[in-house]
Amino acid sequence: MNLEIVNSKEREQFVSKRLIVKIGSSTIVKDGDPLNRDFMDNMARQISGLFRSGVEVVIVSSGAVACGRKILGDIGTTTLDNQVAAVYGQPELIAQWKASFSRYGVHVGQELLTDEHLNNNRKVLEDSLKRGVVIINANDPVNDLEMKQFRISADNDRLAGDVAGSIDADTLILLTDVDGVLNKKGELLTHVDRLEDVEDIIKDSGAGTGGMWSKCLVAKQAARDGRRSIIANGRSEDVILRAARGQNVGTRFIPGYMFY
Ligand code: GLU
């Protein structure tokens with residue numbers, strides 16, 4: 001167990017009390033290794049600090065397909081192939097999450113969901129969050145629809161938004177590998193109010209490829225529902241701790257007037 005965390009962060013009061021962190025495949029897998037274990041250890045350090053201070057945390061973790069594809073090596077790209085990859089990737093993913101959190105003495109649970117489960121999952125998830133950190137992913141092997149969408153867009157963003165809604169989380173953080181929503185010069189927009197003001201910028205930029213616009217839609221909806229809603233870079237230092245303290249990280253979404 002990491003005593004530094006226990007001693008220094010245990011009694012810290014955070015602004016967030018119930019937080020959903022979504023981590024995408026490109027952040028979690030690594031060249032030459034199925035998973036970016038250092039990154040996952042770093043996430044576990046921050047989230048364990050939160051958990052010990054009484055903050056409930058769900059990680060919506062992608063990476064089953066990408067990790068499984070690396071493990072299996074020689075596999076095609078059909079929906080069926082990706083489902084098979086998820087069969088092999090998900091256990092590897094959860095094993096690493098367990099290993100990362102065990103360094104800090106925090107239990108890790110897992111839920112693999114499809115849309116139909118979301119509505120009757122609230123009580124189990126809320127009770128589970130009192131005992132440890134819950135990792136959620138889509139149940140890809142049995143979910144043809146999700147997998148077909150996966151070929152087009154990163155839809156764990158939507159899943160994270162839906163989970164946030166189902167347990168009324170106060171904070172949603174969508175982590176990506178760029179600093180947030182960027183303008184045409186590549187500069188960070190610290191907040192987004194009207195989505196229509198950034199639609200062209202995002203669709204032209206290619207940053208966070210393809211997924212950024214869908215992230216913005218999810219983040220905006222969460223803001224509208226009264227959550228602190230942030231898109232940020234998973235690699236910026238202590239990003240989750242700083243967000244949970246209410247500090248400015250990444251792009252914050254504001255529930256003001258909007259067309260979308
Ligand atoms: N459920 C997919 C996986 O774990 C990822 C889908 C997504 O990133 O949106 O590989």
Side-chain angles (χ1 to χ4, degrees), residues 20-31 33-37 39-40 43 58-73 75-98 100 108-118 121 125 133-166 172-178 202 206-222 229-235:
I20 314 289
V21 184
K22 187 265 176 177
I23 304 174
S25 301
S26 60
T27 311
I28 227 165
V29 296
K30 189 180 170 189
D31 288 344
D33 194 354
L35 292 168
N36 190 338
R37 296 172 202 279
F39 172 80
M40 292 169 82
M43 288 289 116
V58 172
I59 303 176
V60 175
S61 173
S62 301
V65 173
C67 177
R69 296 182 64 79
K70 281 180 180 262
I71 292 169
L72 297 175
I75 189 161
T77 55
T78 65
T79 298
L80 178 60
D81 291 326
N82 284 335
Q83 288 178 292
V84 171
V87 167
Y88 286 90
Q90 184 65 32
E92 184 79 8
L93 189 62
I94 202 70
Q96 183 56 44
W97 279 124
K98 272 185 72 68
S100 295
V108 165
Q110 169 180 255
E111 287 199 324
L112 301 178
L113 298 177
T114 59
D115 282 346
E116 66 198 282
H117 297 129
L118 268 171
N121 180 45
L125 182 52
V133 170
V134 178
I135 313 288
I136 288 182
N137 195 359
N139 194 348
D140 295 327
V142 299
N143 193 349
D144 291 10
L145 183 64
E146 160 74 13
M147 291 305 289
K148 283 181 184 128
Q149 286 171 343
F150 173 64
R151 300 188 72 190
I152 305 166
S153 69
D155 222 51
N156 268 6
D157 295 325
R158 184 182 59 81
L159 178 63
D162 288 348
V163 171
S166 76
L172 173 68
I173 308 175
L174 302 175
L175 292 181
T176 180
D177 37 22
V178 291
I202 293 168
T209 345
M212 188 52 94
W213 181 243
S214 71
K215 275 185 181 40
C216 285
L217 292 172
V218 170
K220 186 69 194 190
Q221 184 58 48
S229 178
I230 296 161
I231 297 178
N233 193 333
R235 296 197 172 79

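Just follow the structure's listing: the first ligand is 1, and inside any ligand the first atom is 1. Computed from a predicted model, the values in this text were never measured in an experiment.
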Sub-3.5 Å N/O-N/O distance, Ala64 and ligand 1:
yes

Ligand 1-proximal atoms of Asp140, by part, heavy-atom distance under 4.0 Å
side chain

Flag Ser61 as yes when one of its N or O atoms lies below 3.5 Å from any N or O atom of ligand 1, and as no otherwise.
no

Below the 3.5 angstrom mark, is there an N/O of Lys22, backbone or side chain, next to an N/O of ligand 1?
no

Main chain of Leu172, side chain of Lys22: is a donor-acceptor contact present, judged purely on distance under 3.5 Å?
no

Salt bridge or not for Glu92 and Arg37, using N-O below 4.0 Å?
yes

Indicate yes or no: does an N/O atom of Ala138 lie under 3.5 Å from an N/O atom of ligand 1?
no

Show me which atoms of ligand 1 lie under 4.0 Å from any heavy atom of Asp155.
7 (C), 9 (O)

Evaluation steps, side-chain hydrogen bond (donor to acceptor under 3.5 Å, both in side chains), between Gln83 and Thr79
CA-CA 6 Å; Gln83 288 178 292; Thr79 298; over 6 Å; no

Look only at interatomic distance and state if Asn137 has a nitrogen or oxygen under 3.5 Å from any nitrogen or oxygen of ligand 1.
yes

For Gly234 against Phe39, the heavy-atom pair lying closest together
O-CE1, 3.3 Å

To the nearest 0.5 Å, tell me how far Ile94 CD1 sits from Cys67 SG.
11.5 Å

Nearest heavy-atom pair of Trp97 and Val108: which atoms, and what distance?
O-CG2, 3.8 Å

Distance-minimising heavy-atom pair for Met40 and Leu93:
CE-O, 3.9 Å

Can you name the atoms of ligand 1, numbered from 1 with element, that are less than 4.0 Å from a heavy atom of Ser62?
4 (O), 5 (C), 7 (C), 8 (O)

Quick check on Ala86 - does any of its heavy atoms sit under 4.0 Å from an atom of ligand 1?
no

